[in-house]
Number of protein chains: 2
Amino acid sequence: MYRIGELAKLTGVSNDTLRYYEKNKLIAPAGRTDAGYRMYEDEAVRQIRFIQRAKGVGFTLSDINELLSIQLEKTEHSCHEVKTFTEAKLADVQQKLAELNRIKLALEKLNEACCGGPESAEHCSILQALETGDLADTRL
Amino acid sequence: MYRIGELAKLTGVSNDTLRYYEKNKLIAPAGRTDAGYRMYEDEAVRQIRFIQRAKGVGFTLSDINELLSIQLEKTEHSCHEVKTFTEAKLADVQQKLAELNRIKLALEKLNEACCGGPESAEHCSILQALETGDLADTRL
DNA sequence: ATAAACCCTGGAGTCTACTCCAAGGTCAAC
DNA sequence: GTTGACCTTGGAGTAGACTCCAGGGTTTAT
């Protein structure tokens, strides 16, 4: 059994964040002392680890809430359901990657065209591009 | 001269967003009518276009604030300064790309290991991986 | 007993980029 | 004149994931 500060140390998640997770139904203490202190069991540690791993692969807390409810009642859910969930997240990530790649290319192009020297910014090709939109390949 | 609604239509940026930009010192009306209506000139249109392009290459409004102040007093700034700014943004984007690629790989690995069929989630390798952290190559 | 560490709650704040609401004044077309 | 579109302001809300504050109770070690 752990008090909240002990659990925070054990998991690297702050007291406040633990309370936040509880408020959002991600974790729950096993019970309370007479003084109202939260008492957590090892199950909470495992739950937090699950949350940390899921966050690590890009799931939002809202996503994780769904995964946790699936995990809680595995017999009521299928592999198909979980995989669909994960595939949607993957698609999301791929979309973000595409957007960031576009941005990267545009920034690279801007940088290549700029001398980067001590000359006055009056002649700066980056500023000019932003002013005029004259960067055909970047869809500005 | 445009009123705010006209400028909104012209640029595709909402009235509220224009006021928000004004509040954040990104744009300013040329003046006000006696009734207090904002009146904008073509310079505001150009400024908003600049903002839109800069946003399009990943700059935050805070970044854009800096770029705009450079643009305003080009003679006080160098190409070097602008390029440094853009290079920092590029590094930022590259970092995000690296992180998203890591996440993508992890999600792909999770998905590959899962049959995705109608079987009970009791045996779901995705859930198991999140529970146990048993995904060596993904640094969960 | 004392002091410090720890805990509780409710509420508010941070960050970023908007978006909405309420109340009331102004402008343009009929 | 009337009506509807338009504008103003101040303030609050959204999304998501925290983080901080104030006031007060509890536990632990000295």
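Every chain is numbered from 1 and lettered A, B, ... according to where its sequence line falls, protein lines coming before strand lines.
Under 4.0 Å is where a charged nitrogen must lie from a carboxylate oxygen, and between A:Glu6 and A:Lys9 no such pair does.
For the pair B:Lys23 NZ and C:dC18 P, the interatomic distance rounds to 14 Å; values are reported in whole Å. Following rounding to the nearest Å, A:Ile51 (CD1) and D:dG16 (P) show an atom-to-atom distance of 16 Å. At whole-Å resolution of the value, NZ in A:Lys9 and C1' in C:dC6 are 10 Å apart. When the C1' atom of C:dC18 is taken as reference, atom CG of B:Leu61 falls 9 Å away, rounded to whole Å. Between B:Tyr2 atom OH and C:dC27 atom P there is a gap of 21 Å when expressed in whole angstrom units. Summarising the geometry, the separation between CD1 on B:Ile4 and C1' on D:dC6 is reported as 11 Å, rounded to the nearest angstrom.
Tracing side-chain contacts under 4.5 Å through hydrophobic residues (I, L, V, M, F, W, Y), one reaches B:Ile27 starting from B:Leu10; they form part of the same cluster. Following chains of ILVMFWY side-chain contacts shorter than 4.5 Å, one cannot reach A:Tyr37 starting from A:Tyr21, and the two form parts of different hydrophobic clusters.
Nucleic acid contact class of B:Arg19 (heavy atoms, under 4.0 Å, all strands): base. Within 4.0 Å (heavy atoms only), B:Lys55 reaches sugar-phosphate atoms of the nucleic acid but no base atom.
Side chains of A:Ser62 and A:Asn65: no donor on one and acceptor on the other come within 3.5 Å.
For the contact set between residues 32-45 of chain A and DNA chain C, defined by any heavy atom under 4.0 Å, the members are A:Arg32, A:Gly36, A:Tyr37, A:Arg38.
Look at A:Tyr20 and you won't find any side-chain N or O under 4.0 angstrom from OP1 or OP2 of D:dG16.
Rounding to the nearest 0.5 angstrom, the gap separating the CZ atom in A:Arg53 from the CZ atom in A:Phe59 is 14.0 Å. If you take CG on A:Leu67 and OG1 on A:Thr86, they are separated by 6.5 Å, rounding to the nearest 0.5 Å.
Comparing the start and finish of the helix from C:dA1-D:dT30 to C:dC30-D:dG1, five pairs each, the helix axis swings through 20°, to the nearest 10 degrees.
Between B:Ser14 and A:Asp16, the residue anchored closer to the 5' end of DNA chain C is A:Asp16, taking for each the nucleotide with the nearest heavy atom.
For the side chain to side chain donor-acceptor pair (under 3.5 Å) with A:His77, the lone residue among A:Lys74, A:Glu73, A:Glu81, A:His80 that qualifies is A:Glu81.
Other residues, nucleotides and ligands contribute at most 12 non-hydrogen atoms within 6.0 Å of the CD atom of A:Glu41.
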